[in-house]
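As structure tokens, the structure follows; a few thoughts come after it.
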Amino acid sequence: MFVDEVSAELYAGNGGDGCMAFRREKYIEMGGPFGGNGGSGASIIFKVDEGLNTLLDLKYKRIIKGEKGENGQGSGKHGKNAPDIVIKVPPGTVVTDLETNEVIADLTNHGEEKVIARGGRGGRGNIALATRNNLCPSYAEGGEPGEVKKIKIELKLLADVGLVGLPSVGKSTIISMISASKPKIAAYHFTTLTPNLGVVRASRGRSYVVADLPGLIEGASLGEGLGDKFLRHIERTRVIAHVVDMGSAEGRDPYEDYVTIRKELGDFNKKILDKPEIIIANKMDMPGAEENLKAFKEKVNKPVYPIEAISNKGLTEVVNKLADMLDTIKKEPLYEIKDVKTHVLYKFEEVEPFTIIKENDGYRVIGDEVEKLLKMTKFQTDEAALRFARQLKKMGVDDKLKEMGAEEGDTIKILDLEFEFKD
Ligand SMILES: Nc1nc2c(ncn2[C@@H]2O[C@H](COP(=O)(O)OP(=O)(O)OP(=O)(O)O)[C@@H](O)[C@H]2O)c(=O)[nH]1
Ligand SMILES: [Mg+2]
């Protein structure tokens, strides 16, 4: 089954908790810190496998969860990292973060991989947290939460040329003649239900990949016929091969057919209209085809190649013309992927790390960084709580609260915890 769009929820593993422990040795009273760091949580990684050509496997894997890293232990033992989860995807897989609507990965080459949701780092144990001023801290960090992402995964086939046109104009017949691909061919509409790829060999040892797409009809962008969802597969192609039935066997006018399809292409994505295009005038064996071709050429000022796909006439020229065109058009990446900022925990000065909202009965502090800090704090001891308070102060939360009029004793909320404001 061909599946080219799925959505999924990813939960990368949390980091393991750091350990708070103390060295206890005979005859030594204050033994010092002895707790190890937690291991990192599992990241969720997508990796291209050229043996795949559908997202079918992911259709049944809507929720992907990574394991938590192991907790740190006493005697300075670090917890083990959780093994990353590697998901195999076909070449041409595009991942969009549904929260930001940004494309975060476009995976095309075999073996290429990308971390889609990063596992949390392990919390530090009290050995790692010791400082000159606090040689034996009685606190440890909790593990960093793993990234949570809702994503859309699309397959945009890697083809150089896309065959488009109304149903039954002969697209599948053409690919069957010029490549080893043998799709179903029949006289009824929508014979082709999913795209077919074929490797074409042209003159001078050149080769390229052609995609035969399901037929389009007027209103495809509104869901008519099979809809326009398959057009995502020509977004990457460098050339459009527009197939028109010159026999007008179904009583249609070839020029109107051409205009109809162009409109659907543009409605799906305007950029497709800017791609270099050739027009393949098929079914030239049909009565009236010559006259139709003449009238068509008067209206369309683009290269038109008359062929008879069914008897393999005129296709060699088309094959070589496409190779010539591809020679002059560079392969360009479909998306520019911005480097996703991997979260660095203690760089609070970068951006406003929090927002404070005045509520009826106090103040609420929100923001990724404060919330993460809270999640990573284990309120096991007073010292842990004090450390948390110090960190908030360092981030500027106290100053901001004062500025907003907070007074001693006011309630401050972060996530589901409440604190009292102390100046
Ligand atoms: N007379 C004639 N018929 C042709 C020619 N090329 C294809 N056909 C016929 O046209 C019909 C449709 O051909 P297909 O290749 O299945 O058309 P398609 O464009 O792939 O159609 P869909 O998959 O439904 O979009 C078949 O009956 C073919 O035999 C040709 O050059 N001349
Ligand atoms: Mg077909």
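Note that the structure is predicted; figures quoted are calculated from it, not measured. Counting convention: from 1, in listed order, for ligands and their atoms alike.
By the criterion of a heavy-atom distance under 4.0 Å, the backbone of Ala186, and not its side chain, is placed next to ligand 1. Under 4.0 Å from ligand 1, not a single heavy atom of Met284 appears. Counting heavy atoms under 4.0 Å from ligand 1, residue Val243 does not touch it at all.
Judged by the 6.0 Å and 45° rule, Lys65 forms a cation-pi pair with Tyr11.
Of the N and O atoms on the side chains of Tyr335 and Lys156, at least one donor lies less than 3.5 Å from an acceptor on the other residue. A donor-acceptor contact closer than 3.5 angstrom is absent between the side chains of Asp228 and Ser221. Side-chain atoms of Asn196 and Ser181 include no donor-acceptor pair closer than 3.5 Å.
Closest heavy-atom approach to atom 23 (O) of ligand 1 among the candidates Ile175, Thr192, Leu166: Thr192. Closest to atom 1 (N) of ligand 1 by heavy atom, among Asp285, Ile310, Leu193, is Asp285. Checking Lys283, Lys171, Met177 against atom 10 (O) of ligand 1, the nearest heavy atom belongs to Lys283.
Ion pairing of Lys413 with Asp361 is present here, as a side-chain N (NZ or NE/NH1/NH2) and a carboxylate O approach within less than 4.0 Å. Of the charged side-chain nitrogens involved, at least one lies within less than 4.0 Å of a carboxylate oxygen, so that Lys263 and Asp267 count as a salt-bridged pair.
Below 3.5 Å of separation, one finds an N or O of Val169 facing an N or O of ligand 1. Checked by distance only, ligand 1 and Ile307 stay at 3.5 Å or farther apart across all their nitrogen or oxygen atoms. Looking at Ala309 next to ligand 1, an N or O pair under 3.5 Å apart turns up.
Among Lys61, Glu113, Lys47, the single residue meeting the side-chain contact (heavy atoms from CB on, under 4.5 Å) criterion with Ile87 is Lys61.
Short contacts between ligand 1 and Gly215, defined as distances under 4.0 Å to a heavy atom of the residue, involve ligand atoms 25 (O). Close approach of ligand 1 to Tyr188 (heavy-atom distance below 4.0 Å) involves ligand atoms 24 (O). Short contacts between ligand 1 and Phe190, defined as distances under 4.0 Å to a heavy atom of the residue, involve ligand atoms 24 (O). Per-residue contacts place Thr191 under 4.0 angstrom from the following atoms of ligand 1 (heavy atoms of the residue considered): 22 (P), 23 (O), 24 (O). Below 4.0 Å from some heavy atom of Glu308 lie the following atoms of ligand 1, by number and element: 31 (O). Residue contact check: Met286 has heavy atoms under 4.0 Å from atoms 1 (N) of ligand 1. Those atoms of ligand 1 that come under 4.0 Å of a heavy atom in Ala187, given as number and element, are 27 (O).
Judged by distance alone, the side chain of Asn71 and the main-chain N or O of Gly38 form no donor-acceptor pair under 3.5 Å. Between the side chain of Ser179 and the main chain of Ser176, no donor-acceptor pair closer than 3.5 Å is present. Of the possible donor and acceptor atoms, none in the side chain of Asn109 sits under 3.5 Å from a partner among the backbone N and O of Glu112. For Thr54 (side chain) and Met1 (main-chain N/O), a donor-acceptor pair under 3.5 Å exists by modelled atom type.
Among the backbone and side-chain atoms of Ser168, no N/O/S atom is found under 2.8 Å from the Mg ion (ligand 2). At least one N/O/S atom of Thr192, from backbone or side chain, sits under 2.8 Å from the Mg ion (ligand 2).
Nearest protein heavy-atom contact of atom 13 (O) of ligand 1 is Thr173 OG1, 3.5 Å.
The aromatic rings of Tyr255 and Phe296 stand perpendicular to each other, their planes meeting at an angle above 60°, with 30° marking the opposite boundary.
The shell of residues lying under 4.0 angstrom from ligand 1, judged by heavy atoms, includes Ser168.
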